[in-house]
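Below is one structure, written out as structure tokens, with a few remarks after it.
Start at 1 and go down the list; that is how both ligands and their atoms are numbered.
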Amino acid sequence: MKQPVRVTVTGAAGQICYSLLFRIASGEMLGEDQPIILQLLEITPALRVLDAIKMELDDCAFPLLRDIICTDDAKVAFTGADYGLMVGAKPRGPGMERADLLKDNGQIFSSIGKIINEVASPNMKICVVGNPANTNAYILMKNAPKLNPNNISALMRLDHNRATYQLAEKTNQPMHTIKKMTIWGNHSTTQVPDISHCTVDGKKATDRVDATWANEEFIPKVAKRGAEVIAARGSSSAASAANGVINHMKSWVLGTENDNWVSMAVCSDGSYGIQPGLIYSFPITCQDGEWSIVQGLENSDFITQKMQASEQELKDEAETCADLC
Ligand code: NAD
Ligand code: LMR
């Protein structure tokens with residue numbers, strides 16, 4: 001058996017975490033041979049609910065779960081952490097854009113970034129979930145200069161999974177036959193779900209669906225799915241978001257399949273002309289706990305223009321939150 005690793009989760013008494021924590025503790029995220037210590041952070045008024053969640057985690061008798069620390073002190077939560085899942089933030093309601101949350105949530109990521117910089121290991125791998133996820137990750141990165149920027153990512157896997165489902169449904173093929181889906185850009189309505197490089201059961205997706213469907217139905221469907229869920233559910237996606245986090249971290253830590261890639265928002269190195277330093281979603285492969293951006297993909301003018309529009313939105317968000325960085 002391996003040594004236990006410490007997984008810090010913020011917003012641990014919220015909706016997403018009610019699904020996420022149990023799946024982490026079961027071994028679904030880091031593997032069935034990896035013991036886990038959960039370090040759960042909440043704001044003080046939510047500590048009672050967090051205690052109830054701890055009771056339920058205890059009552060599952062998960063063999064891999066070695067300890068659960070519940071705290072409202074971020075320094076305690078991040079000390080010694082190997083992984084940080086940053087869920088704690090306000091969700092949007094009907095009629096709002098995710099960027100409308102920047103004023104309130106940006107502040108959370110600026111303070112947490114400073115604390116991480118002080119107490120956490122520079123090797124801690126971080127997945128930011130709280131919206132607007134890419135720019136919150138950017139704020140965190142700017143406030144935690146001791147961290148390796150390559151260890152700071154934002155969640156795009158929910159969008160990637162949504163896109164995979166839409167293509168599987170359209171082509172009437174099982175989900176596992178869809179490979180090389182890509183989401184470029186920001187986790188917002190400017191994101192670019194792109195089937196140009198996708199295969200369905202080994203054949204080019206673009207030979208199976210027409211361009212009008214891909215450009216006029218598929219892209220807006222995936223990009224606006226979060227709002228569609230909010231309209232139907234009255235609150236934002238929770239179990240599917242938790243599933244995205246599990247998939248994101250598992251791919252990062254345990255690696256991606258040889259013939260496939262995933263979408264992750266990571267610190268741009270200038271690939272595909274995207275401004276270095278922005279937290280932008282690319283097609284990614286992972287091996288030995290390190291990610292790499294898939295290089296050399298040819299993009300059409302249509303996709304390139306959309307990628308640039310999403311990049312511009314991230315530049316604008318970075319400017320709006322300059323005082324927090
Ligand atoms: P929620 O309101 O149910 O839970 C959020 C929790 O965070 C609450 O329990 C709250 O007390 C806690 N919290 C607030 N400030 C905190 C702080 N400073 N430190 C620690 N905890 C704090 O919301 P939710 O449905 O779990 O969603 C959480 C966030 O995830 C939202 O911003 C939502 O928009 C976002 N989200 C992102 C994606 C994505 O794909 N990136 C998907 C779904 C939801
Ligand atoms: C989602 O995509 O479901 C989340 O980002 C929640 C939201 O506000 O849409």
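Protein heavy atom nearest atom 5 (O) of ligand 2, with residue, atom name and distance: H187 NE2, 2.6 Å.
Residue contacts with ligand 1 for N131 involve both N, CA, C or O and side-chain atoms from C-beta outward (heavy atoms, distance under 4.0 Å). Using a 4.0 Å cut-off between heavy atoms, N131 contacts ligand 2 through its side chain alone, with no backbone atom that close. If you look at I16 next to ligand 1, the close heavy atoms, those under 4.0 Å, come from the backbone and the side chain alike. At a 4.0 Å heavy-atom cut-off, ligand 1 does not touch M156 at all.
Put simply, the side chain of T8 gets close to the backbone of A77: a donor and an acceptor are under 3.5 Å apart.
Checking only distances, T10 never comes within under 3.5 Å of ligand 1, N or O to N or O. Residue-to-ligand polar distances keep G88 apart from ligand 1: every N/O pair is separated by 3.5 Å or more.
The local environment of CG in D207 is crowded, with over 12 non-hydrogen atoms from other residues, nucleotides or ligands closer than 6.0 Å.
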Exercise for the section: May I have the step-by-step check of side-chain contact (heavy atoms from CB on, under 4.5 Å) for E257 and K179, ending in yes or no? Expected result: CA-CA 10 Å; E257 297 168 321; K179 307 269 183 188; 3.6 Å; yes
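Residue-ligand proximity, R92 to ligand 2, at heavy-atom distances under 4.0 Å covers atoms 7 (C), 8 (O), 9 (O).
The closest side-chain donor-acceptor pair between E317 and N186 falls under 3.5 angstrom.
A heavy-atom separation below 4.0 Å is not found between G244 and ligand 1.
The other residues sharing a hydrophobic cluster with I69 are I37, V76, where clustering joins ILVMFWY side chains under 4.5 Å apart.
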